[in-house]
There are 2 protein chains.
Amino acid sequence: MTITGQSLIGAMSVRGTHGAFHGINARTGETLEPAFGGATQSDLERASALAEAAFDTFRETPPETRAVFLETIGEQIMSIGDALIERCMAETGLPRARLEGERARTVGQLRLFAGVLRNGDFVDARIDPAQPDRKPMPRVDLRLRNVAIGPVAVFGASNFPLAFSVAGGDTASALAAGCPVIVKAHGAHPGTSELVGRAIQQAVRQCALPEGVFSLLFDSGLSIGQALVADARIKAVGFTGSRAGGVALMKIANAREEPVPVYAEMSSINPVVLLPGALGARGTAIAQQFAASLTLGAGQFCTNPGLVLAVDDESLRAFERAAGVALASAGASTMLTPGIHANYVKGVERLAEHADVEQLARGQAGGPFDAQAALFATTAQAFSADSALREEVFGPASLIVRCRDLDELHGMLKSLEGQLTVAVHLDHDDRAACRALLPTLERKAGRILANGFGTGVEVGHAMVHGGPFPATSDTRTTSVGSRAIERFLRPVSYQDLPDELLPQELRDGNPLVLARRIDGVMNRGENKNI
Amino acid sequence: MTITGQSLIGAMSVRGTHGAFHGINARTGETLEPAFGGATQSDLERASALAEAAFDTFRETPPETRAVFLETIGEQIMSIGDALIERCMAETGLPRARLEGERARTVGQLRLFAGVLRNGDFVDARIDPAQPDRKPMPRVDLRLRNVAIGPVAVFGASNFPLAFSVAGGDTASALAAGCPVIVKAHGAHPGTSELVGRAIQQAVRQCALPEGVFSLLFDSGLSIGQALVADARIKAVGFTGSRAGGVALMKIANAREEPVPVYAEMSSINPVVLLPGALGARGTAIAQQFAASLTLGAGQFCTNPGLVLAVDDESLRAFERAAGVALASAGASTMLTPGIHANYVKGVERLAEHADVEQLARGQAGGPFDAQAALFATTAQAFSADSALREEVFGPASLIVRCRDLDELHGMLKSLEGQLTVAVHLDHDDRAACRALLPTLERKAGRILANGFGTGVEVGHAMVHGGPFPATSDTRTTSVGSRAIERFLRPVSYQDLPDELLPQELRDGNPLVLARRIDGVMNRGENKNI
């Protein structure tokens, strides 16, 4: 498969004429061929019109059709073979093993949603049967199902060039729901994006779906992304990236004549709480795991442990020393883009120069765009006094906050903004202390971990990759796992419709053999009359 | 129970000192005693602090406790007796039978959510068990449940002084979810609000719940309502009212440091489509039902049929004549407030004076604040040309749009904004035509009715009282029926937590005997190990 630098608009490949840009070799900074043409407003217009035209057909395809489509996308991605991995390594600086794992995860996500479609519970089919003899008024027949919300705009993320990008979780869950998708490719991995986009385009063709089900637009600036979110035909937006970027998209979506939901996964420092028992018993081991989690993928995970909270005692100081030793030997890794690297350097400098912050360790230096890990410590008082210390530094940097006691530590947690994850390290004796923190943890984060770190996000049914603002823009949702499909569904109720006009999901006799809620009680086919 | 004019702040009654206002006899315009004191910012501060303090306790009460609490509220409302109905009749001008029915509905809603709590499916408990032997990486144990989103602000609606007000659907679903509620009372029925508020306050006491679970604030202007939505402790907002009011609250919520969801049910003209077969076969009967639906409750329903679409032929003209005759004999009814009446008169005048609009009928005149029904007709062309014709006129006024053919009718539907309901009248021969319209209807409305009218909203499990903007601010939700609880929940995932620290819903052995999703498959207690 050749990389052409063209946007994919339905079944067509179109060279954009609104500026041009190149992929960059993350390790060397060298330009990668070919040039990518920026999509024009009329390219966007065509993609939106196709998505709109495809919507009613696509959303009513049988769930099995969409399941096969998702699996076909996965097969097409695998069939690109090593060319995908090599291009992605060049563009992102991420190592082969990581990208092969991420590719497996991407294909796994597509299969997960195929399973969600075959299971059928996402429909939330409900029937409140008529009661013609009810007094004082007869009751009508009411039937509810979820339908797709409409065409969806997806913004690829830089830090997961496969799993959160063109065919990532947002795309998979939106397509599963029955929503056509227009992806705005991330400029940091355009070649990877085109390859994956062509895999989806091929799957659309192979499954004989309307071409408008998928388009991929390259953008040499911000204008196409902004216009996409403002487009009246787009009914929801998926985004993973910076707080500033997510908030900007939320503003555009809220200012529309018809505001639409933006699912932005943005900023999280993922506090790690070290309780005294665990710290005393195995602080050194935790320190090594911590250093490994902090430096994994050059620290470029949304769930990277950017904050450590513990009571200041000798055990904590021993932890600090052990973590410092582990970090000092941590090799440098290339960051995703020179821009991300520059921001990281700035963020670390800001901490290093802070009057109330002590630098505990730096990792090894490396190439020009490599991240050198960094560990800092401060007091709870200083942390409280300066909100800048609570801002995410994207990369392998973390700040230890030394607290006077568990009460002060609890107060620090309460003062935080919303988080994707919070991890607690505890031993048996720490259980009472952990129990006291739990109500706060539940309010601050989408996922609470014991004795682990947030990096490594399982793709399953019980995963929440979400959390209160600014971790995400919508704390009611998750962007990973099967519940992600709910973001792209809305309920519709049908009253007294003749059976033949009802959607299959709601017809008498339950032709799709769905679990349906009859008068509020789940029914798995036992009631044959309805 | 005496009406005192005091705000209810937790267990206290507090006379607000920020201005004062009176209830108004809707029929006569006379002032009703006593005066209500407007809550101050410090009253609000106290109510918010109490709600915040109550939240962690209240959200973790056993579902059975909250079920009994909701039932107790219902009992307390009933025990006010006729004093509630009489005060409400005076404040709203609504007749006794309607208000007795609405009270039954209000109590029924509370009981519905008690049932939702006992059923337990709202928890969405999910377990992805650990797989320690998985290759290449062991899988962690992940468990998910829904938790309450936080303290909720509810704005009482003028047009349902019981069912969408202090103890209405928003309050019932938020309390069911485990969220403390602060109600901003609607100024049009303050005495009714206080009586119902005291019933809730009494139920809080009787159930030994933290006092901050409920507060009720009166406001002599807009400032308390605005400050409530801006308050950082409030995590969601329920509102039923005007488009301008809802949009203003959305703006405030979006401008917060932490934006929060606003569930605003606003504006809908509820199109009625008369298909040719039905119109020819029984146009006169439909016309009579239409007139009855249009004038029900002085037309002050969110689901009032404000728009009729049909192909212009002799059957439609016969329908118009029959509807005109029925309306001309329709008695006038008192509107909720002089302000609503004045707006209605203005809206009707605007239609009557429109160059392209023909007045078909007026209902009978009545008292100074009575609504005189009105029926108008226009052409599809004129309707397309002037968006003002698509605006809601709150009251018993409707506009018939005469279309050239079904294609033009379909085009009119496509041009509409989002709606709560759309009704189609069809006979057997109209089924193909209806089928062609259905994809559009599904995209425009939350509820699609056959051969009926949207007034009369069943409170059940399959109801959607929602729809795309501006019908509501969030098309993914309903404000009536059991799914309304979802608005006030968010998912939290627990990874590798020791069993004794897990919430009951997720513990091994399933102590609450919930239906739980194990690796994505619903399990109703068959698997005893998890």
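These numbers come from a predicted model, not from an experiment. Naming: A, B, ... by sequence-line order, numbering from 1 per chain.
Of the residues considered (B:H465, B:M463, B:R145, B:R143), B:M463 shows the highest number of contacts with chain A, using heavy-atom pairs under 4.5 Å. For the set B:A462, B:P503, B:A450, B:C434, the count of heavy-atom pairs under 4.5 angstrom toward chain A peaks at B:A462. Chain B forms the most heavy-atom pairs under 4.5 Å with one residue out of A:A236, A:P261, A:G452, A:A125, and that residue is A:P261. When each of B:D496, B:N119, B:L449, B:V260 is checked for heavy-atom pairs under 4.5 Å with chain A, B:L449 comes out on top. Per-residue counts of heavy-atom pairs under 4.5 Å with chain A were compared for B:V140, B:V521, B:D519; the largest is that of B:D519. Interface check for chain A: of the options B:G418, B:A445, B:G150, B:A423, the most heavy-atom pairs under 4.5 Å are formed by B:A445. The greatest number of non-hydrogen atom pairs below 4.5 Å with chain A, out of B:P468, B:G466, B:P470, is found for B:P468. Chosen from A:R139, A:E258, A:E500, the residue pairing most often with chain B at heavy-atom distances under 4.5 Å is A:E500. Contact count versus chain B (heavy atoms, under 4.5 Å) is highest, among A:R435, A:E442, A:R59, A:M137, for A:E442. Most heavy-atom pairs under 4.5 Å with chain B: of the set A:I149, A:L112, A:L142, A:D124, this distinction falls to A:L142.
Put simply, CG on B:N254 and NZ on A:K251 are 9.5 Å apart, with the number rounded to the nearest 0.5 Å. Once rounded to the nearest 0.5 Å, the distance linking CG of A:N451 with CD of B:Q495 reads 10.5 Å. Atom OH of B:Y494 and atom CG of A:L441 lie 9.5 Å apart (nearest 0.5 Å). The structure places CG of B:D128 at 8.0 Å from CD of A:E458, a figure rounded to the nearest 0.5 Å. A distance of 7.0 Å separates NZ in B:K235 from CZ in A:R443, rounded to the nearest 0.5 Å. In this structure, A:R490 CZ and B:D474 CG are separated by 11.0 Å, a value rounded to the nearest 0.5 Å.
Shown here is A:R98, whose CZ atom has more than 12 heavy atoms of other residues, nucleotides or ligands within 6.0 Å. Within 6.0 Å of the CZ atom in B:R390, the count of heavy atoms belonging to other residues, nucleotides or ligands exceeds 12.
The minimum heavy-atom distance between A:R483 and B:L144, with the atom names listed, is NH1-CD2, 3.8 Å. Looking at every heavy atom in both residues, A:V464 comes nearest to B:V492 through CG2-C, 3.9 Å.
For A:F55, the part lying near chain B is the side chain, with the backbone staying farther off; criterion is any non-hydrogen pair under 4.5 Å. Proximity to chain A (any heavy atom under 4.5 Å) is restricted, for B:R134, to the side chain, taken from C-beta onward. Heavy atoms of B:R517 lying under 4.5 Å from chain A belong exclusively to its side chain. Only the side chain of A:D121 comes within contact range of chain B, with at least one heavy atom under 4.5 Å from a heavy atom of that chain.
Look at A:E486 and B:R476 and you find no salt bridge, because none of the NZ, NE, NH1 or NH2 atoms lies under 4.0 Å from a carboxylate O.
Side-chain contact check for A:R126 and B:S482: at least one donor-acceptor pair (N or O, by modelled atom type) lies under 3.5 Å.
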Steps toward side-chain contact (heavy atoms from CB on, under 4.5 Å) verdict (A:L497, B:L438): CA-CA 11 Å; A:L497 244 68; B:L438 272 171; 4.1 Å; yes
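The contact list for residues 424-432 of chain A toward chain B, using heavy atoms and a distance under 4.5 Å, reads A:L426, A:H428, A:R431 by residue number.
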